Each structure stands twice: as C-alpha cells, then as structure tokens.
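Since the structure is predicted, the reported quantities are computational estimates derived from the model, not experimental observations. Whatever order the structure lists them in is the order used to number ligands and atoms, beginning at 1.
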Amino acid sequence: MTSDTDWAKRALIYQVYVRSFADSDGDGLGDLAGVRSRLDHIAALGADAIWLTPFYPSPMVDGGYDVADYRDVDPRLGTLADFDALLSAAHDCGIRVITDIVPNHTSHQHPWFRQALTARPGSSARARYIFRPGRGPDSVEPPNNWQSVFGGPAWTRLPDGDWYLHLFAPEQPDLNWDSTEVRAEFVDVLRFWLDRGVDGIRVDVAHGLVKPAGLPDATVAGVSGNRPYFDQDGVHEIYREWRKVLDSYAPTRIMVAEARLRDTVRTARYVRPDEMDQAFNFEFLWAPWSLERIRDAISRSLTAMNHVGRSPTWVIGNHDEIRVASRLAADVRSSAVGLRRARAMALLSLALPGSAYIYQGDELGLPQAPDLAPEFHEDPKRRRSAEPRASRDECRIPMPWHGDRPPFGFGPDDSTTPWLPQPEAWARLTVAAQQHDPDSTLTMYQQATRLRQTDSDLTGDDFAWKPAPSGVLAFTRGQRFTCAVNFGPTAVPLDQLNLPENPLLCSTPIDDDALPANAAIWSR
Ligand code: GLC
C-alpha cells in the first residue's frame with residue numbers, strides 16, 4: 001500500500017541556510033526571494049524537497065533559532081508574500097518545502113517572554129517558561145547544576161531574584177511544555193504553515209521539550225548521560241498529537257526530528273509509526289574517516305530504523321557542523337585529501353537506501369572558511385564557550401555563484417558585502433566555475449543524484465555488504481549495483497574489487513585501473 005508520505009522514504013532533501021544562500025535585495029543577507037531565484041540550481045541536483053532554516057522575525061542571536069514571532073517572516077529575509085511565492089515556485093519545479101519549527105525555546109524578544117519579564121514570580125505569564133527560585137541563601141545559586149549546550153550555566157537570574165532556564169543562549173528561554181497554553185499555541189503555529197501549503201516540518205531540538213519532573217541535578221548516569229533534560233519519554237506524546245494534526249491534511253505532511261542522541265535506538269523512537277517520518281542521522285557527522293566506524297554507523301542505522309519500519313536518513317553536513325571537506329581532513333591536514341574524502345562520502349551516502357540530505361555548498365566541495373576575523377563571529381556557541389572552539393559561522397559562509405571575486409553573485413553587483421566574508425580562493429569553487437567541468441564536485445553530485453533517481457537498483461530497498469579487500473568497504477544494492485569506498489592508504493586494483501562490468505561514477509578519476517585511496521566508485 002502506498003501512502004502520502006512515501007516520497008520521504010528515499011527523498012533527496014537540500015538544506016537551504018536562508019541567510020547564506022542568495023541575496024535578492026543586496027543588503028548582504030540571503031533572503032526568501034533569493035532562494036526562489038536560485039531554485040534552478042536545486043532542481044538540477046534532482047532534489048525532492050528543500051528544508052529552509054528559520055526565516056521568522058528574530059534578533060538573530062542564534063541565526064534565527066531564536067524566534068520572536070512564529071507566524072511571520074523577518075523583514076530582512078522577506079515577507080509572507082515572498083514565502084508564498086517561493087512555495088509555489090518550488091512546487092512548480094516539483095520541489096517540496098519543509099520549514100523549521102523551534103518549539104523548545106523562543107527568543108527573549110518574543111511577546112510572551114517580554115510579558116514574563118515584567119510579571120511577578122509565580123504569575124501565569126512566567127508559567128509559560130521555566131522559572132524557579134534559586135538555591136542557597138538569598139537564592140543566589142541556580143536552581144540546579146544544568147549546563148547550557150552553548151556553555152555556561154543553563155540558568156539566568158532576573159533582578160527580582162527568579163531564575164529562568166535556557167538550554168541554549170540566555171536569549172533563548174525554554175518554554176514550559178507542561179503548559180496547555182504552550183501546547184495549544186504550537187498546534188496553531190503548525191496549522192498556520194500547513195494551511196499555507198508546506199509539505200513538512202523539521203522539529204528543532206525535538207528531544208528537549210519535556211524536562212524531568214522536579215528538574216533534578218545532572219549526574220553522569222541515566223539514558224542521556226549528564227543531560228537529563230534530553231530525551232524524556234514525555235516528548236513522544238507531543239509528536240503523537242502533532243501527527244494527528246499533520247494527518248488531518250490531505251495529502252498528509254511529513255515531520256523530521258532533530259534529536260541529537262548518541263544512541264540510534266533511542267533516535268528511532270521518534271519515528272515510530274504514530275510519530276515522525278524521519279529523524280536526522282548524526283552518525284556520519286560524528287564519525288572520523290574510518291572504515292570500521294562508517295560500517296558500524298551504517299549497520300546500526302539500518303537495524304534501528306528497520307525495527308520501527310522506517311527508512312534511515314544520511315547526513316554528511318549541516319549548518320551546525322564543520323564542513324565535511326574540512327572535517328575529514330582533520331587528521332591529515334590536507335585540504336586536497338579532505339575534499340577527496342568528502343566526495344567519497346557523498347557517493348557513499350547517496351548510494352545507501354533511505355533519504356539523503358545535502359547541505360548547501362557541500363555539492364561545491366566548500367571547505368570551512370579559514371581565518372574568519374573575530375569581528376565576524378556571531379555564533380553564541382563560540383562566544384559562550386570556555387575553550388577555543390570551531391565556530392559554526394565558518395560553515396555558514398554565503399554561497400559563491402559566479403564571478404572571480406566576492407560576493408561571487410551572492411547578491412546583485414552593487415550589493416553590500418555579504419554578512420560573512422567569502423574567501424577570495426572560492427573563485428574556483430563557484431557554481432559557474434564548476435558546472436561545465438566534468439571533474440568538478442558539482443558535476444559528480446549531479447551525475448550521482450540523477451543515477452540515484454533513475455537506477456532501478458538504487459530506487460529499491462535492497463542492501464547487502466559485499467566482501468572486499470582490506471581497507472575497502474563495499475555493498476550492493478539490488479541485483480547489479482555496487483558501491484566501493486577505499487578507506488586505505490593506497491590504491492586498490494579494480495580487478496581485486498570484483499565489481500560488476502560498468503563503472504558508473506568515481507569520486508576521483510581512476511588511474512591505472514585502480515581505485516585510489518580516499519575514493520568511492522559506483523558500478524553496475
Ligand atoms: C538546533 C539547530 C542549531 C541551534 C539549536 C538551538 O540544534 O540546528 O542551529 O543553535 O538547535 O535552537
């Protein structure tokens with residue numbers, strides 16, 4: 001039996017980080033009209049859907065994941081009319097649209113939090129958030145020992161002595177999901193976007209909404225280690241309710257969990273039949289370049305998702321992680337090797353059964369921006385961290401489209417400098433520079449996504465490991481398709497790989513009939 005959400009099982013989903021994709025009005029910041037103007041690029045990758053990161057009115061303390069109004073568009077990023085125009089243009093190209101919902105916290109500028117600030121301790125305005133008296137004499141100690149994900153205590157004290165919880169930045173106060181008002185509000189927000197016609201929603205920090213009763217101190221024990229505020233059973237009740245809301249639409253819509261959990265079996269609980277459709281798979285984002293680790297990640301993901309009857313997702317990049325081309329170079333400190341490995345990981349993940357995500361710019365092989373000057377760093381995760389930490393700004397540099405110098409077509413010619421500076425060296429990485437180059441990363445992505453859509457072995461669910469020489473990971477799909485990845489330090493002769501006749505695609509040009517180190521090959 002087919003269902004309305006079958007498309008998601010093997011969908012190719014392109015993540016648009018709106019601020020950095022394309023700037024239509026030249027203010028240096030990407031916007032919704034910019035996304036619309038570049039849909040052809042996304043269509044050429046064969047994407048079934050785009051996921052738009054938050055574009056709602058926001059003080060942008062956390063790049064828009066601090067929402068001040070859930071039912072509007074930030075004026076710097078466009079208007080609701082721009083959103084509707086983007087949605088309909090995307091649908092005209094056969095591309096579905098997934099929007100981001102941020103239910104764990106609001107911005108400190110949300111009207112509810114402003115009301116809470118001027119209200120009294122114990123008032124109903126404060127009951128929408130998590131306010132508590134402190135500990136110790138005069139309440140000077142925070143209510144418990146929880147640490148914010150971005151560093152530092154997860155509590156901030158107001159002048160009247162009351163403390164409020166923020167699992168992220170202090171400008172992102174956590175909502176109280178025990179409140180029926182909060183629950184009703186989000187059902188209404190969902191309906192607002194579903195009524196406009198969005199095809200799905202991504203749920204930010206899906207594992208965080210419900211806090212353990214009594215807000216106990218964190219200890220190292222427990223299912224979520226020292227983070228007792230994550231993955232409480234109560235969150236699932238919320239998604240079951242949301243599922244009913246989604247299913248009240250025809251066709252029904254999809255829901256994707258961002259639940260950053262180390263245990264795939266726990267992640268799979270978010271996609272049980274009456275909950276979400278997909279959960280981001282963080283395994284590849286956290287794995288080094290290691291055959292054993294990647295094989296293990298694939299096996300565990302397939303088993304866990306199979307158990308709940310859902311397809312896995314494969315993610316090698318997003319707006320929170322070090323760019324894949326730099327991440328995989330970390331142990332070799334060679335950007336050329338990093339890019340080779342990133343291309344191999346792309347072919348690997350696009351050959352697996354399930355749904356695959358592409359983070360904007362990974363199809364160009366963009367690296368992490370090196371040497372971003374301190375004045376450009378906005379990321380609260382970097383600002384609040386005690387140790388030097390890679391900043392997420394470095395993976396959010398505006399897209400290079402064409403031309404030989406910044407802004408590389410990101411905005412109109414006379415536009416303001418992009419909000420984050422683009423490296424000069426990106427001239428050779430622009431879309432225009434790559435699109436007619438048969439060896440470019442972009443061309444490889446386009447070829448791979450086309451095959452992924454048309455090859456009958458890749459459109460099925462079959463998957464089996466295939467024996468391979470030491471250092472090579474290989475698997476088959478269907479009757480005739482093989483993907484092999486060389487994790488070892490030296491090239492492996494193709495005849496040792498026992499591949500089917502036809503090489504279809506290789507992530508690095510083949511020399512001397514051997515699969516180079518740090519490369520993947522598809523054949524049939
Ligand atoms: C998610 C987002 C990240 C954001 C955080 C807090 O992890 O992907 O960008 O900072 O939630 O909303």
Side-chain angles (χ1 to χ4, degrees), residues 13 15-21 30 50-70 74 77 98-110 113 129-130 146-152 154 165-175 177 186 189 201-209 211 224 227 229-231 235 255-262 267 270 276 278-282 285-286 313 315-323 357 359-362 368 377-385 389-397 419-420:
I13 302 178
Q15 179 190 350
V16 177
Y17 190 72
V18 179
R19 299 198 290 169
S20 300
F21 191 64
I50 50 176
W51 149 35
L52 299 170
T53 52
F55 47 77
Y56 317 109
S58 164
M60 304 272 176
V61 171
D62 185 20
Y65 283 94
D66 46 324
V67 181
D69 179 354
Y70 289 87
D74 189 285
L77 306 188
I98 297 172
T99 50
D100 216 316
I101 295 284
V102 188
N104 181 68
H105 43 264
T106 68
S107 158
H108 65 136
Q109 290 188 12
H110 189 284
F113 196 68
Y129 293 90
I130 303 179
W146 295 359
Q147 294 293 301
S148 140
V149 173
F150 290 160
L165 178 71
H166 49 85
L167 294 184
F168 295 86
E171 297 87 348
Q172 293 168 296
D174 277 52
L175 285 162
W177 277 84
F186 274 87
V189 167
I201 54 159
R202 171 215 187 245
V203 183
D204 189 62
V205 197
H207 55 321
L209 279 48
K211 312 300 187 283
S224 5
R227 293 184 164 180
Y229 39 78
F230 282 149
D231 200 29
V235 293
M255 187 159 51
V256 184
E258 190 227 15
R260 280 170 184 270
L261 300 169
R262 293 276 164 187
T267 312
Y270 289 73
M276 307 217 196
Q278 292 190 343
F280 290 114
N281 186 348
F282 288 94
L285 292 167
W286 295 336
T313 62
V315 185
I316 62 171
N318 68 26
H319 65 292
D320 292 329
E321 305 291 336
I322 296 173
R323 283 272 184 194
Y357 278 78
Y359 174 45
Q360 72 179 42
D362 279 351
Q368 195 79 344
H377 286 284
E378 290 194 357
D379 181 6
K381 188 169 174 185
R382 179 185 154 110
R383 250 190 308 113
R384 289 178 59 83
S385 166
R389 230 179 193 178
S391 115
R392 295 178 300 169
D393 299 307
E394 292 161 2
C395 70
R396 299 173 177 177
I397 305 296
W419 70 284
L420 291 174

inquiry  = Does either side chain, that of S58 or that of D66, offer a donor lying less than 3.5 Å from an acceptor on the other one?
reply    = yes
inquiry  = If we only consider heavy atoms of K381, is any one of them less than 4.0 Å away from an atom in ligand 1?
reply    = no
note = among protein heavy atoms, the one nearest atom 7 (O) of ligand 1 is E258 OE2, 2.6 Å
key: Which of the ligand 1 atoms, numbered from 1, are nearer than 4.0 Å to a heavy atom of F150   = 10 (O)
inquiry  = Given H110, which partner from the list Y56, Y129, Y70 fulfils the ring pair (Phe, Tyr, Trp, His ring centres under 6.0 Å) test?
reply    = Y70
ask   = When you check the gap from the basic side-chain N to the acidic O, do D62 and R392 get nearer than 4.0 Å?
value = yes
Atom 11 (O) of ligand 1 - nearest protein heavy atom and its distance = D204 OD1, 2.9 Å
request  = In plain terms, say whether D174 and K211 are close enough for a salt bridge, that is, a side-chain N and a carboxylate O under 4.0 Å apart.
outcome  = yes
task = Verify ring pair (Phe, Tyr, Trp, His ring centres under 6.0 Å) between H166 and F150, making sure each step is shown before the conclusion.
result = CA-CA 10 Å; H166 49 85; F150 290 160; 9.7 Å; no
inquiry  = Please identify which of these residues, T106, L167, I130, N104, meets the side chain to side chain contact (heavy atoms under 4.5 Å, CB included) condition with P173.
reply    = T106
key: Subset of ligand 1 atoms that lie under 4.0 Å from at least one heavy atom of H319   = 2 (C), 3 (C), 8 (O), 9 (O)
ask   = For atom 10 (O) of ligand 1, what's the nearest protein heavy atom and its distance?
value = D62 OD2, 2.6 Å
inquiry  = If the contact criterion is a heavy-atom separation under 4.0 Å, does R202 count as touching ligand 1?
reply    = yes
message = Closer than 4.0 angstrom, basic N to acidic O: yes or no for D320 and K381?
response = no
note = In this structure, atom 8 (O) of ligand 1 is nearest to the protein heavy atom D320 OD2, 2.5 Å
note = Per-atom filter on ligand 1: closer than 4.0 angstrom to a heavy atom of R392 are 3 (C), 4 (C), 9 (O), 10 (O)
request  = With heavy atoms of H105 as the reference, note each atom of ligand 1 found under 4.0 Å away.
outcome  = 6 (C), 12 (O)
note = The answer for which part of Y17 has a heavy atom under 4.0 Å from ligand 1 is neither
query = Numbering the atoms of ligand 1 from 1, which are under 4.0 Å from a heavy atom of V205?
reply = 11 (O)
inquiry  = Closer than 4.0 angstrom, basic N to acidic O: yes or no for R384 and E171?
reply    = no
